Chemist: 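Below you will find the structure I want to go over with you.
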There are 2 protein chains.
Amino acid sequence: MHIVNVALHEIFQALSDPYRIRIIRLMLESKSELCLCELSDALEEPEYKLSRHVKILKNSGLIDSVREGKWIYHSLVTDEKYLKLLHKAVSVFPDSANQLARDFARFQKRLNIREAGRCRQPSRVIDEKQKVRR
Amino acid sequence: MHIVNVALHEIFQALSDPYRIRIIRLMLESKSELCLCELSDALEEPEYKLSRHVKILKNSGLIDSVREGKWIYHSLVTDEKYLKLLHKAVSVFPDSANQLARDFARFQKRLNIREAGRCRQPSRVIDEKQKVRR
DNA sequence: GATACACTTGCATATTTGTGCAAGTGTTTA
DNA sequence: TAAACACTTGCACAAATATGCAAGTGTATC
């Protein structure tokens, strides 16, 4: 019951930012819940920045979030209609800069430090380039 | 060959305005070319305003324009992929305020003063409320 | 209770966006 | 050539958006 009273232009507005598209593409590709620190490692952007983008996607009804202890796991809504729309969009407009491949590779690495399928480790630098986070 | 090098977030950005959505919905519904003065009558908004919104949609590759004498006819691109995406979007997020019904009704009225299927009359007030245009 | 960590947010600021007005361009017609 | 009309755009300005920093909240662990 999330998207009641959200106008179409508001959905598009939520999707009108390159970082938010990277988040959506990553979620579509990984089919996984992911928390902010993992997202931060995947996109190599600071948490406070992505936190706001996630909030916008959440307010537009495109993603759901669940708290589990210290972590909050975010994922795409399960409604097939919205998922199909998003899939259609990303397939019609492919990721020409190949950003998804890089984001997804970093996310896969980050997944390795999960324990029992959950984020249980302090967020850490995966390679040396990644000094973006404090 | 329009949409080369347009990123997905730019498409969404072009669609992130309520007036631009009204234009797209009207074009999807009417399946017709329409010129700016007709659009202005349909949406009850001044031409200079809609001219800019049309330009944005055009730059994003979503609509095509052809000049015929004084008039420039605008229509959705013919590419089935983009059309399907737009159709999907408007069906998943229906026009809850029923704006399309009103825009389309005014557009239908405006069509009556076409000659030989083309805009040939000076744009005029259709009903008294419509004093928006000079 | 104190500390640690995941995440959020108030504030300041730079940039982008939407819009009205008035002046402009381009084309046709008198 | 002048006037009419469809459409566009330079300028000014208000509102919305994105972002960094630093301080905040909430939860678990020591």
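Chain identifiers are assigned alphabetically (A, B, ...) following the order of the sequence lines, protein sequences preceding nucleic acid strands; residue numbering begins at 1 within each chain. Heavy-atom basis, side chains included; hydrogens, waters and symmetry copies ignored. Model, not experiment: these values are computed from the prediction.
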Chemist: Taking only the side-chain nitrogens and oxygens of B:H53, find out if one of them lies under 4.0 Å from OP1 or OP2 of C:dT17.
Modeler: no

Chemist: By the ring-ring contact (aromatic ring centres under 6.0 Å, His included) test, which pairs, at least two apart or in different chains, include something from residues 14-42 of chain A?
Modeler: A:Y19-A:H53

Chemist: What does the inter-axis angle of the helix from C:dG1-D:dC30 to C:dA30-D:dT1 come out as, five pairs per end, nearest 10 degrees?
Modeler: 10°

Chemist: If you look at every strand shown and take non-hydrogen atoms under 4.0 Å, does A:R67 touch a base, only sugar-phosphate, or nothing?
Modeler: sugar-phosphate

Chemist: Would a distance-only check, ignoring hydrogens and angles, find a side-chain to backbone donor-acceptor pair under 3.5 Å from A:S30 to A:L26?
Modeler: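 Side chain of A:S30 to backbone of A:L26, a donor-acceptor pair under 3.5 Å: yes, one is there.
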
Chemist: For A:S51 and C:dC7, is the shortest distance between a side-chain N/O and OP1 or OP2 below 4.0 Å?
Modeler: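 Indeed not, no polar side-chain atom of A:S51 lies that close.
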
Chemist: To the nearest angstrom, how far is B:R120 atom CZ from D:dC5 atom P?
Modeler: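 Spelled out: CZ on B:R120 to P on D:dC5 is 15 Å.
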
Chemist: Counting only side-chain N and O atoms of B:Y48, is one of them less than 4.0 Å from OP1 or OP2 of C:dT19?
Modeler: no

Chemist: Just do the side chain to side chain contact (heavy atoms under 4.5 Å, CB included) check on A:I21 and A:D95 with the steps written out, would you?
Modeler: CA-CA 10 Å; A:I21 290 296; A:D95 176 29; over 6 Å; no

Chemist: Ignoring the backbone of A:Y19, work out which of C:dA6, C:dT19, D:dT19 is nearest its side chain.
Modeler: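 Of the options given, the side chain of A:Y19 lies nearest D:dT19.
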
Chemist: Under a 3.5 Å distance rule, please check whether B:R20 uses its side chain to pair with a backbone N or O of B:Q13 as donor and acceptor.
Modeler: yes

Chemist: It should be established whether B:K55 places a side-chain nitrogen or oxygen under 4.0 Å from OP1 or OP2 of nucleotide D:dT9.
Modeler: yes

Chemist: Of all the choices, C:dT19, C:dC7, D:dA18, which nucleotide is nearest to the side chain of A:C35 once you look at every atom?
Modeler: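 Given the options C:dT19, C:dC7, D:dA18, the side chain of A:C35 is closest to C:dC7.
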
Chemist: Nearest-nucleotide wise, let me know which of B:S16 and A:V54 is further upstream toward the 5' end of DNA chain C.
Modeler: A:V54

Chemist: To check you understand the geometry: which heavy-atom pair defines the closest contact between B:R106 and B:A42, and what is its length?
Modeler: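 Looking at all heavy atoms of both residues, the closest pair is NE-O, 2.7 Å.
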
Chemist: Would you mind reading off the distance between B:L39 atom CG and D:dA6 atom C1', rounded to a whole angstrom?
Modeler: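 Atom-to-atom, B:L39 to D:dA6, this comes out as 13 Å.
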
Chemist: Inspect the contact between B:R22 and B:E29 and indicate whether a charged nitrogen and a carboxylate oxygen are less than 4.0 angstrom apart.
Modeler: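 Looking at B:R22 together with B:E29, the answer is no, because their closest N to O distance does not fall below 4.0 Å.
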
Chemist: Atom CD of B:E45 and atom P of D:dC7: how far apart are they, to the nearest Å?
Modeler: 16 Å

Chemist: Could you go through nucleotides 28-30 of chain D and list every protein N or O atom that sits under 3.5 Å from one of its N or O atoms, giving the distance for each pair?
Modeler:
none

Chemist: Rounded to the nearest angstrom, tell me the gap between atom CG in A:L50 and atom C1' in C:dT9.
Modeler: 15 Å

Chemist: Heavy-atom nearest nucleotide on DNA chain D for A:K49 versus B:K49: which residue maps closer to 5'?
Modeler: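 Whichever sits nearer the 5' end wins; that is B:K49.
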
Chemist: Atom CD of A:E47 and atom C1' of C:dT9: how far apart are they, to the nearest Å?
Modeler: 14 Å

Chemist: Indicate whether OP1 or OP2 belonging to D:dT17 is found under 4.0 Å from a side-chain N or O atom of A:Q13.
Modeler: yes

Chemist: Round to a whole Å and report the spacing from CD of B:E44 to P of C:dT19.
Modeler: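 After rounding, the gap between these two atoms is 16 Å.
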
Chemist: B:R67 side chain to B:G69 main-chain N or O, any donor-acceptor pair under 3.5 Å?
Modeler: yes

Chemist: Does A:R25 reach the main-chain N or O of A:M27 with its side chain, forming a donor-acceptor pair under 3.5 Å?
Modeler: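 Side chain of A:R25 to backbone of A:M27, a donor-acceptor pair under 3.5 Å: no, none is there.
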
Chemist: Is any side-chain N of the basic residue among A:E38 and A:R118 closer than 4.0 Å to the acidic one's carboxylate O?
Modeler: no

Chemist: Once you round it to whole Å, what is the distance between C1' of D:dT9 and CG of B:L36?
Modeler: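 My rounded result for the distance is 13 Å.
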
Chemist: Mind calculating the distance between CZ (B:R118) and P (D:dA6) to the nearest angstrom?
Modeler: 15 Å

Chemist: Salt bridge between B:E44 and B:R102, side-chain N to carboxylate O under 4.0 Å?
Modeler: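 No.
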
Chemist: Using OP1 and OP2 only, check whether a side-chain N or O of B:R52 sits under 4.0 Å from D:dC7.
Modeler: no

